[in-house]
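See below for the structure under consideration.
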Amino acid sequence: MAVRARQSGIRDPESALRLFRKLLGDGQVHADSATLDLYAADETPRRCVPRGVLFPHDHDQVRDIVAIARATRTSLVPRGAGSGNVGGATPVPNSYVVSFECMNQIRDLDPADRVVVAQPGVVTADLDAAARAYGLFYPPNPGSAAFCRIGGNIATNAAGPRSLKYGVTRDYVLSLKAVDGRGRSLTTGSRATKSVVGYDLTRLLVGSEGTLALVTEAAIRLLPAPAETAVLQASYSSAEDACAAVGRVMRAQTVPCALEFLDERATALVREAGVNLPAAAQATLIVEADGSAEDIAVQLPLYQRALQGHGMLELAQARTPAAVATLWATRSALSGAVKRRAPLKINEDVAVPVSQLGALVSQIEKLAVTHQLEVVSFGHAGNGNLHVNVLIDPAEPGQKKRAALYLRDLFQAVLSLGGTLSGEHGIGLAKRRFVPLEVGEDTLALMWAIKQQLDPMRLLNPGKALPAVVRRRPRITLQ
Ligand SMILES: Cc1cc2nc3c(=O)[nH]c(=O)nc-3n(C[C@H](O)[C@H](O)[C@H](O)COP(=O)(O)OP(=O)(O)OC[C@H]3O[C@@H](n4cnc5c(N)ncnc54)[C@H](O)[C@@H]3O)c2cc1C
């Protein structure tokens, strides 16, 4: 179905609904209140009820949806599983959600090329399971892998504990099919594992949070699955001692698969969940090694030596698959356990160069005291990437205001340590006003110019990722 863009300047969400129904049929267009309510938010508390939810089945339907959106000046909000932590998939007023849940097919998996071609709605864990059937695996493993979708991972450049050794989503996406805001069908990159033709639009689209194009297919690199994994868990009498041990592990002549940090409160939550940790433990490190049995035999003593040092209270080891799984299950349960501690949780994911981890941890704690807030931090120490969870009870007078001040001070501290506002969650709605703290005016103007080139009518996920206010007219134009 071809729809000519009228560009009349009139927003027309009602006629959009008619046209979407004509294009997709009633089964793929939902506008009942129960569905609208279900799709009104992601993991963040902010809600906005959309006009409708669209469930395309293929690339051509996505292209035609964009054509209708252009003709009726209707905003589209792409959505995977809605597990994002920054409001990226939260609708904006009068928008339609484009849910990729029905585009959930693995199109091809070639073990010789070590490439899987998948639609965006494939659940990340299913993609990994399909690869493992061939002795391969998909390395990025966000904590949400059991339910988040590969399209959402691509749009946020998701990462996980294994990113220390294996990198992030961006390192695995070889090529993309997508529809931009002008309704153009784009094919970026190549299935070949080496390609240098033109600009790297694949890397531009990965992490662009659905603001430049809707991803309809991805060719993704896989690796041979490691034969074994082993995990070490070390507890410390202070966060400072744990951070010093992180430095020693990072100086070992081999890269662990994962190196995770839990602060005092996270350690207490894990202990409450039944994990045997010394009562005096104020911080915990988890190190995972993977590879062949011989690789692990070489790595483990190196990590053990590095973990041992001032303030270490106890060192535990998990070698069997069941023991390794139990240990990680506890770490994965932390996110939910923190959420249950307060009516509202703000989950930041700042990152600093790993040498600055100790300074970051001490700033997180100092600011929590200054602003009288409960803060639980844990995360990917080897990448200098911590999830800073600020717990709030909105009923408590002044808490929300103090949390806002805490975040401002935290971001300033992170940037002064050479870090970044987001290691893996992205900016979405939640953090866009802070972007100018990190990105300079000219660079921001270039970002807006790129947005203008791919989505001049600002229909794709408007108001996300880039700050709302451009302080100066962009100097650079691409048209
Ligand atoms: C318990 C829990 C643990 C988590 N752990 C991690 C973690 O370890 N690492 C990590 O990185 N994140 C983590 N997250 C955050 C979240 O799961 C990731 O950001 C994930 O990548 C989002 O995937 P999704 O399918 O839910 O996407 P959504 O939340 O639906 O969308 C995320 C963004 O992608 C855009 N988008 C979705 N599909 C498309 C598409 N096809 N084309 C263009 N844009 C699209 C959306 O508009 C939005 O901006 C966690 C979340 C939870 C709840």
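First listed ligand is number 1; within each ligand, the first listed atom is number 1.
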Open item on the list: Centre-to-centre under 6.0 Å for Phe137 and Tyr166, is that the case here?
Closed with: yes
TODO: Step by step, work out the side-chain contact (heavy atoms from CB on, under 4.5 Å) result for Thr211 and Asp455.
DONE: CA-CA 8 Å; Thr211 61; Asp455 181 26; over 6 Å; no
Task: For atom 27 (O) of ligand 1, closest protein heavy-atom neighbour - done: Gly152 CA, 3.5 Å
Open item on the list: Students should be able to answer this: which protein heavy-atom is nearest to atom 32 (C) of ligand 1, and at what distance?
Closed with: Thr156 CG2, 3.8 Å
Open item on the list: Is it the case that the side chain of Asn347 and the backbone of Asn389 share a donor-acceptor pair, with hydrogens and angles ignored and the cut-off at 3.5 Å?
Closed with: no
TODO: Answer yes or no: is there a donor N or O on one side and an acceptor on the other, between the side chain of Asn94 and the main chain of Arg51, under 3.5 Å?
DONE: no
TODO: Please state whether the rings of His425 and His387 are parallel, tilted or perpendicular, taking 30° and 60° as the class boundaries.
DONE: parallel
TODO: Could you list which atoms of ligand 1 come closer than 4.0 Å to a heavy atom of Glu43?
DONE: 53 (C)
- [ ] Using distance alone, decide if ligand 1 has a nitrogen or oxygen within less than 3.5 Å of any nitrogen or oxygen in Pro120.
- [x] no
- [ ] Can you pull out the closest protein heavy atom to atom 41 (N) of ligand 1? Residue, atom name and distance to 0.1 Å, please.
- [x] Val215 O, 3.1 Å
Open item on the list: I'd like to know if the side chain of Thr267 and the backbone of Asp263 have a donor-acceptor N/O pair within less than 3.5 Å.
Closed with: yes
Open item on the list: Let's go through Asp126 and Tyr138 carefully: what are the C-alpha distance in whole Å and the side-chain angles of both, what is the deciding distance for side chain to side chain donor-acceptor pair (under 3.5 Å) to 0.1 Å, and is it a yes or a no?
Closed with: CA-CA 10 Å; Asp126 293 347; Tyr138 174 60; over 6 Å; no
TODO: Can you pull out the closest protein heavy atom to atom 29 (O) of ligand 1? Residue, atom name and distance to 0.1 Å, please.
DONE: Gly84 N, 2.8 Å
Task: Pro161 contact mode with ligand 1 (heavy-atom cut-off under 4.0 Å) - done: neither
Task: Asp42 touching ligand 1 at heavy-atom level, < 4.0 angstrom - done: no
Task: Asn85 neighbourhood, listing ligand 1 atoms whose heavy-atom distance to it stays under 4.0 Å - done: 14 (N), 15 (C), 50 (C), 51 (C)
Open item on the list: On a heavy-atom basis, I'd like to know which of Ala159, Pro142, Pro56, Ser163 is closest to atom 11 (O) of ligand 1.
Closed with: Ala159
Task: Main-chain N/O of Thr90 paired with Arg79 side-chain donor or acceptor, under 3.5 Å - done: no
Task: Flag, side chain of Glu260 to backbone of Ile286, donor-acceptor distance under 3.5 Å - done: no
- [ ] Please state whether Glu209 comes within less than 4.0 angstrom of ligand 1, counting heavy atoms only.
- [x] yes
Task: Worked verdict on Leu344 versus Asp393 for side-chain contact (heavy atoms from CB on, under 4.5 Å) - done: CA-CA 6 Å; Leu344 187 61; Asp393 181 354; over 6 Å; no
TODO: Measure from the side-chain N and O atoms of Asp180 to the backbone N and O of Arg184, and report whether any donor-acceptor pair falls under 3.5 Å.
DONE: yes
Open item on the list: Less than 4.5 Å apart, side chain to side chain, heavy atoms only: is that true for Trp328 and Pro161?
Closed with: yes
Open item on the list: At less than 4.0 angstrom from any non-hydrogen atom of Ala213, what atoms of ligand 1 do you find?
Closed with: 43 (C)
Open item on the list: Taking 4.0 angstrom as the limit and counting only heavy atoms of Ala81, give me the atoms of ligand 1 inside it, by number and element.
Closed with: 24 (P), 25 (O), 26 (O), 27 (O), 30 (O)
Task: Residue, atom name and distance, where the atom is the protein heavy atom closest to atom 22 (C) of ligand 1 - done: Ser83 OG, 3.4 Å
- [ ] Give the contacting part of His425 toward ligand 1: side chain, backbone, both or neither, where contact means a heavy-atom distance below 4.0 Å.
- [x] side chain
Open item on the list: Between Thr188 and Leu176 (side chain of the first, backbone of the second, donor and acceptor by atom type, cut-off under 3.5 Å), is there such a pair?
Closed with: yes
Open item on the list: Please list the nearest protein heavy atom to atom 1 (C) of ligand 1 with its residue and the distance rounded to 0.1 Å.
Closed with: Ser335 OG, 3.8 Å
Open item on the list: Under 4.0 Å, heavy-atom basis, I'd like to know which part of Ile154 is in contact with ligand 1: side chain, backbone, both or neither.
Closed with: neither
TODO: State the atoms of ligand 1, each with its element, that fall below the 4.0 Å cut-off from a heavy-atom position in Ala158.
DONE: 11 (O), 21 (O)
- [ ] May I ask whether Val77 places a heavy atom under 4.0 Å from ligand 1?
- [x] no
Task: Aromatic contact, Phe20 with Tyr96 (centres under 6.0 Å) - done: yes
TODO: Give the atoms of ligand 1, by number and element, whose distance to some non-hydrogen atom of Ala155 is under 4.0 Å.
DONE: 34 (O), 35 (C), 36 (N), 44 (N), 45 (C)
Task: Per-atom contacts, ligand 1 versus Phe100 - under 4.0 Å to a heavy atom - done: 40 (C), 41 (N)
TODO: Between Glu424 and ligand 1, find which residue part has any heavy-atom pair under 4.0 Å and reply side chain, backbone, both or neither.
DONE: both
Open item on the list: Tell me the nearest of Gly210, Pro78, Gly143, Gly428 to atom 46 (C) of ligand 1, using heavy-atom distances.
Closed with: Pro78
Task: Option nearest atom 48 (C) of ligand 1 (shortest heavy-atom distance, choices Gly151, Gly88, Gly121) - done: Gly88
Task: CA sep, side-chain torsions, deciding dist, call: Val376, Lys345, side-chain contact (heavy atoms from CB on, under 4.5 Å) - done: CA-CA 10 Å; Val376 184; Lys345 169 186 96 162; over 6 Å; no
TODO: List every atom of ligand 1 that sits less than 4.0 Å from any heavy atom of Asn153, numbering the atoms from 1 in the order shown and giving each element.
DONE: 20 (C), 21 (O), 23 (O)
TODO: Cation-pi check, Arg221 to Tyr172: give yes when NZ or CZ is under 6.0 Å from the six-membered ring centre and within 45° of the ring axis, no otherwise.
DONE: yes
- [ ] Please verify whether a non-hydrogen atom of Gly82 lies at under 4.0 Å from ligand 1.
- [x] yes
Task: Under 3.5 Å: N/O of Asn461 near N/O of ligand 1 - done: yes
Task: atom 2 (C) of ligand 1: the protein heavy-atom neighbour that sits closest, reported with distance to 0.1 Å - done: Ser144 CB, 3.9 Å
Task: contact_flag Ala465 ligand 1 heavy-atom lt 4.0 Å - done: no
- [ ] Answer side chain, backbone, both or neither: which part of Ala89 comes under 4.0 Å from ligand 1, heavy atoms only.
- [x] both
Task: Backbone N/O of Val206 and side chain of Arg170: donor-acceptor pair under 3.5 Å - done: yes
